[in-house]
There are 2 protein chains.
Amino acid sequence: MLKEERFQVILDRLGQEQKVYLGRLSALLNVSEDTIRRDIKELADQGLLKSVRGGAVPHSPGPHHFRDRMSHDKEQKQIIAVKALDFLKDGQVVVFDGGTSALLIAQSLPKDLHITVVTNSFPIVSLLEEHEHVEVLFAGGRLLKNSFVTIGNDTVQFFKKFRPDICLLGICSIHTELGVTGPDFEESEVKRAMIESSKEVIALATLEKLGTAEAYYVCPTDNLSVIVTDQSSDYEEFDVYKEKGIRMV
Amino acid sequence: MLKEERFQVILDRLGQEQKVYLGRLSALLNVSEDTIRRDIKELADQGLLKSVRGGAVPHSPGPHHFRDRMSHDKEQKQIIAVKALDFLKDGQVVVFDGGTSALLIAQSLPKDLHITVVTNSFPIVSLLEEHEHVEVLFAGGRLLKNSFVTIGNDTVQFFKKFRPDICLLGICSIHTELGVTGPDFEESEVKRAMIESSKEVIALATLEKLGTAEAYYVCPTDNLSVIVTDQSSDYEEFDVYKEKGIRMV
DNA sequence: ATTTTTTTTGCAAAATTATGCAATATATTT
DNA sequence: AAATATATTGCATAATTTTGCAAAAAAAAT
């Protein structure tokens with residue numbers, strides 16, 4: 001029996017059931033479980049299914065939905081979130097960026113904090129639902145379906161109307177020379193507006209973001225007041241920022 | 001049994017029930033509560049549900065969980081929603097009011113309709129998440145926590161920027177002499193802005209709303225093009241509107 | 001403040017998967 | 001057709017993950 005035939009059988013079954021087991025397939029096709037396992041691995045590499053312990057399940061395709069990206073760096077980002085909370089005080093007006101870093105901060109926000117939140121992110125609003133003492137100002141604009149933030153000129157103009165105390169800025173890439181950059185033009189525009197209107201910018205960056213750059217320019221590193229990262233140990237790179245008067249946490 | 005199968009069971013249950021319990025699931029799936037707890041934790045990390053003490057509740061980090069307390073007139077409003085759908089055509093720019101009437105329309109919206117929606121309501125956006133061909137423009141402003149709409153001057157200004165084809169307007173109270181009125185000043189302001197910018201206004205009113213009035217003025221009846229109600233039988237009151245050139249459905 | 005319940009954490013047993021290796025089958029070259 | 005190279009398969013073993021249990025910690029309830 002050809003390997004391709006087994007592939008077909010496996011995929012057919014997955015088309016009908018929601019799962020396949022190593023043992024069953026092994027018995028059905030008269031090969032060892034190892035073989036089936038290798039088959040599944042190969043199919044998984046092609047993205048045709050998802051290999052799981054004990055078998056396989058249909059691969060849920062589709063481009064990165066908002067929910068998926070959340071799990072990525074979660075530990076590191078959670079660490080960052082906790083550190084960043086120290087900067088928030090009662091009475092402040094705070095901008096929350098649309099990224100997942102800021103989202104985790106919103107998630108950890110104490111219920112008794114009295115602040116005004118300015119944001120363009122629906123998930124943030126959703127999380128702040130229960131916080132009675134948080135006033136929310138939402139930036140209008142065109143809705144970006146996959147990340148649930150608003151963008152465009154309206155959004156930019158909205159941020160320009162305020163003078164918030166703090167901006168919690170999720171960082172895609174940051175580089176000592178090239179400054180802060182991001183992968184999307186319109187989101188970069190919005191970030192820039194947030195930054196320029198705020199008195200103080202707190203950058204939220206996992207270590208892997210440091211020293212990288214992307215296509216669209218957001219702002220120079222000078223605009224940042226604080227960079228919050230997930231590691232306490234010192235890197236040489238930290239010193240470059242410190243010399244610029246940026247506080248590293 | 002695959003771990004993924006348990007995941008599926010848990011998520012399925014959450015799709016139907018409002019919550020799931022560790023104990024029940026443990027018994028149902030023949031695994032320890034610890035395992036269920038870990039499953040829930042994993043699903044929670046992916047944002048597929050929210051882990052709570054003793055079990056889990058539905059939750060997406062995207063919108064989705066703006067709880068709609070629209071039990072009141074649901075049947076009548078559903079009737080209205082279906083009727084109102086006839087007015088929506090591909091290519092139109094449509095304003096959705098923040099009320100529950102408009103919400104039900106959004107819920108019944110065909111997936112293949114190509115329209116641009118302008119709204120100040122989070123629940124509307126949440127419902128439109130899956131509609132690929134609907135572009136959403138969201139009005140920024142101050143967030144009203146209990147109804148999840150934005151209000152205030154920013155919201156008003158946002159609507160003034162457009163010239164939508166249709167405005168789907170939920171009606172609190174309408175009176176042949178006094179016009180359309182509502183119970184909240186700021187919401188009235190927003191409604192007025194929606195109405196004034198739109199070419200055509202479709203009023204959504206259950207019968208009990210007819211002939212009543214409230215504290216804050218929204219607009220005269222002249223501004224309405226169509227009134228959609230939940231009864232086909234004719235009332236004398238209908239004729240008054242018809243004489244004014246308003247179509248009754 | 002105390003009791004009860006639930007969650008977290010460490011740990012060991014069981015199950016699953018990855019890896020190296022030898023045997024077999026398949027393809028390619030001469 | 002024979003020889004050689006390449007790929008596939010099954011098995012043993014090592015590494016990893018999952019799972020349930022028990023104790024400690026934390027959170028509600030009283």
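Within every chain, numbering begins at 1; the chains are lettered A, B, ... in the order of the sequence lines, protein sequences first and strands thereafter.
In this structure, CG of Leu2(B) is placed 11 Å from P of dT18(D), rounded to the nearest angstrom. In this structure, the CD atom of Glu4(A) is 14 Å from the P atom of dA7(D), given to the nearest Å. What separates CD of Glu5(A) from C1' of dT8(D) is a distance of 15 Å, to the nearest Å. We find that NZ of Lys41(A) is positioned 16 Å from P of dA7(D), with the value rounded to whole Å. Spacing between atom CZ of Arg38(A) and atom P of dG20(C) amounts to 12 Å, rounded to whole angstrom units. With rounding to whole Å, Asp39(B) atom CG is found 7 Å from dT19(D) atom P. For the pair Glu33(A) CD and dA12(D) C1', the computed distance is 15 Å after rounding to whole Å. Atom pair Lys50(A):NZ and dT17(C):C1' shows a separation of 16 Å (rounding to whole Å applied).
One finds a side-chain N or O of Lys3(B) lying less than 4.0 angstrom from the OP1 or OP2 phosphate oxygen of dT18(D). Proximity of Arg37(B) to the phosphate of dT7(C): a side-chain N or O atom is located under 4.0 Å from OP1 or OP2.
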### Task
Kindly indicate, with the supporting measurements, whether the criterion side chain to side chain contact (heavy atoms under 4.5 Å, CB included) is fulfilled by Val125(A) and Phe148(B).
CA-CA 9 Å; Val125(A) 171; Phe148(B) 280 103; 4.2 Å; yes
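Taking the side chain of Asp34(B) as heavy atoms from C-beta on, and the options dT7(C), dC11(D), dC21(D), the nearest nucleotide is dC21(D). In this structure, the nucleotide among dT5(C), dT18(D), dT9(D) sitting nearest to the side chain of Arg53(A) is dT18(D).
Here the closest non-hydrogen pair linking Phe87(A) and Gln92(A) is O-OE1, 3.4 Å.
No side-chain heavy atom of Leu143(B) sits under 4.5 Å from any side-chain heavy atom of Phe138(A).
A side-chain contact (heavy atoms from CB on, under 4.5 Å) with Ile124(A) is found for one member of Val118(A), Leu109(A), Ile105(A), Thr119(A) and no other, namely Thr119(A).
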